[in-house]
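Remarks on the structure that follows.
Nothing here was measured: the structure is a model prediction, and the numbers come from that model. Every chain is numbered from 1, with letters handed out A, B, ... down the list of sequences.
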Amino acid sequence: MGEPWSPLPREFYRRHPTAVAPELLNKILVRADGRAARIVEVEAYAGSEDPAAHSHRGKTPRNATMFGPPGHLYVYFSYGIHWGSNAVCGDIDEGAGVLLRAAEPLSGLDLMREARAAAKRDRDLASGPGKLSQAMGLDRSFDGADLVTMDRGVSIVSDGTPPPVDPVVSPRIGISKAVDLPWRWHVRDHGHVSGKRSTRT
DNA sequence: TTGAGGATTCTC
DNA sequence: AGAATCCTCAAA
């Protein structure tokens with residue numbers, strides 16, 4: 001017997017990010033050190049057609065990974081503090097990707113809590129793009145990692161759970177352009193999505 | 001070389 | 001509501 005789960009194939013990612021994004025819900029982000037978390041919130045970012053995408057103004061050293069082959073991890077640094085993780089989608093030179101915004105920790109919780117001392121509850125471990133990356137230990141050294149070959153021990157796999165049939169679809173968060181495109185998907189009524197405050201609405 | 005801004009998080 | 005914090009990019 002080998003690994004019970006195998007990485008999603010390259011072809012899964014070789015589509016428009018708006019097609020890939022909702023299907024990444026309920027998939028599992030895994031690290032070779034035992035950390036695993038179920039993806040519950042994502043956003044799609046297209047290439048030149050999408051003013052909100054990092055790739056909109058063309059290839060730069062920062063976003064070069066987005067213009068590479070699909071199925072790789074694009075990790076970016078922002079606000080001077082946080083890392084964001086994306087799955088590169090579409091074709092080479094398209095500059096498309098899906099931002100992994102939130103996940104439900106499944107295993108390796110001890111390592112996640114160690115990486116995120118600020119998290120008071122387990123639901124705070126990965127309920128946001130910066131939190132997710134920090135909990136999973138993803139930083140610049142993982143930019144360009146191949147999720148299909150697992151060349152750096154990080155991948156996205158399926159445990160057989162299908163994507164939700166009725167995900168919540170809404171505008172993307174934290175952007176200033178193309179703010180009305182409904183390119184954010186999250187699992188309905190899930191306690192680990194971003195933006196939740198304990199008892200506020 | 002410089003200035004402006006950012007796919008956020010945490011605390012007050 | 002505001003601070004933290006620094007990389008990235010384009011312009012000069």
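- In this structure, Ser176(A) reaches the dG6(B) phosphate: one of its side-chain N or O atoms is under 4.0 Å from OP1 or OP2.
- Looking at residues two or more places apart in sequence or on another chain, you find no salt bridge (Lys or Arg N to Asp or Glu O under 4.0 Å) involving Asp139(A).
- Atom-to-atom, NZ of Lys120(A) to C1' of dT11(B) comes out at 9 Å; the value is rounded to the nearest Å.
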Donor-acceptor contacts, no H, no angles, side chain residues 81-96 of chain A, under 3.5 Å, sequence neighbours left out:
| unit_1 | atom_1 | unit_2 | atom_2 | d |
| --- | --- | --- | --- | --- |
| Ser85(A) | OG | Ser133(A) | OG | 2.8 |
| Asn86(A) | ND2 | Tyr74(A) | O | 3.0 |
| Glu94(A) | OE1 | Asp91(A) | N | 2.9 |

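- Residue Arg116(A) is classed as a sugar-phosphate contact, given heavy-atom separations below 4.0 Å to backbone atoms only.
- Looking at Ile39(A), Val193(A), Val40(A), Val169(A) one by one, the single match for side chain to side chain contact (heavy atoms under 4.5 Å, CB included) with His186(A) turns out to be Val193(A).
- At a threshold of 4.5 Å between non-hydrogen side-chain atoms, the residues Met112(A) and Asp122(A) do not count as touching.
- Tyr45(A) and Pro17(A) get closest at one heavy-atom pair: O-CG, 3.6 Å.
- In this entry the distance linking CZ of Arg123(A) with C1' of dT9(B) reads 17 Å, nearest Å.
- Regarding Trp83(A), its CH2 atom lies at a distance of 19 Å from the P atom of dG6(B), rounded to whole Å.
- Of the candidates dC9(C), dT8(B), dT8(C), dT8(C) carries the atom nearest the Arg140(A) side chain, counting heavy atoms from C-beta on.
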- If pairs are Watson-Crick or G-U with both distances under 3.5 Å, what is the dot-bracket string of DNA chain B, marking crossing pairs with [ ] and pairs to another strand with |? ||||||.||||.
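- Looking at heavy-atom distances under 4.0 Å, Gly84(A) makes no contact with the nucleic acid at all.
- With rounding to whole Å, His54(A) atom NE2 is found 16 Å from dC7(C) atom P.
- The residues Arg10(A) and Asp146(A) are annotated as salt-bridged, a charged nitrogen and a carboxylate oxygen being separated by less than 4.0 angstrom.
- Of the two residues near DNA chain B, Ala119(A) and Tyr45(A), the one whose nearest nucleotide lies more 5' is Tyr45(A).
- Look at CG on Leu138(A): it is 19 Å from P on dA7(B), rounded to the nearest Å.
- A straight line from NE2 of His56(A) to P of dA10(C) spans 12 Å, rounded to a whole angstrom.
- What you find for Leu29(A) and Met136(A) is that their closest heavy atoms are O-CE, 3.5 Å.
- Near-neighbour residues of DNA chain B inside residues 66-82 of chain A, defined by a heavy atom below 4.0 Å, number-ordered: Met66(A), Tyr76(A), Tyr79(A), Gly80(A), His82(A).
- Every residue was checked against the side-chain hydrogen bond (donor to acceptor under 3.5 Å, both in side chains) condition with Tyr76(A), not counting sequence neighbours, and none meets it.
- At a non-hydrogen distance threshold of 4.0 Å, Leu99(A), Arg101(A) from residues 95-104 of chain A come into contact with DNA chain B.
- An OP1 or OP2 oxygen of dA7(B) is reached within less than 4.0 angstrom by no side-chain nitrogen or oxygen of Lys177(A).
- With contacts defined as side-chain heavy-atom distances shorter than 4.5 Å, the pair Val30(A)/Ser155(A) qualifies.
- Two residues are said to be in side-chain contact when any heavy atoms from C-beta on lie closer than 4.5 Å; Asp50(A) and Trp183(A) meet this criterion.
- In this structure, NZ of Lys59(A) is placed 14 Å from P of dA10(C), rounded to the nearest angstrom.
- Here the CZ atom belonging to Arg38(A) is positioned 11.0 Å from the NE2 atom belonging to His192(A), to the nearest 0.5 angstrom.
- To the nearest angstrom, C1' of dT9(B) lies 14 Å from CG of Leu132(A).
- Between His54(A) and Thr60(A), the closest side-chain pair of non-hydrogen atoms is not below 4.5 Å.
- Base engagement by Ala52(A) is indicated by at least one non-hydrogen atom pair under 4.0 Å involving a base atom.
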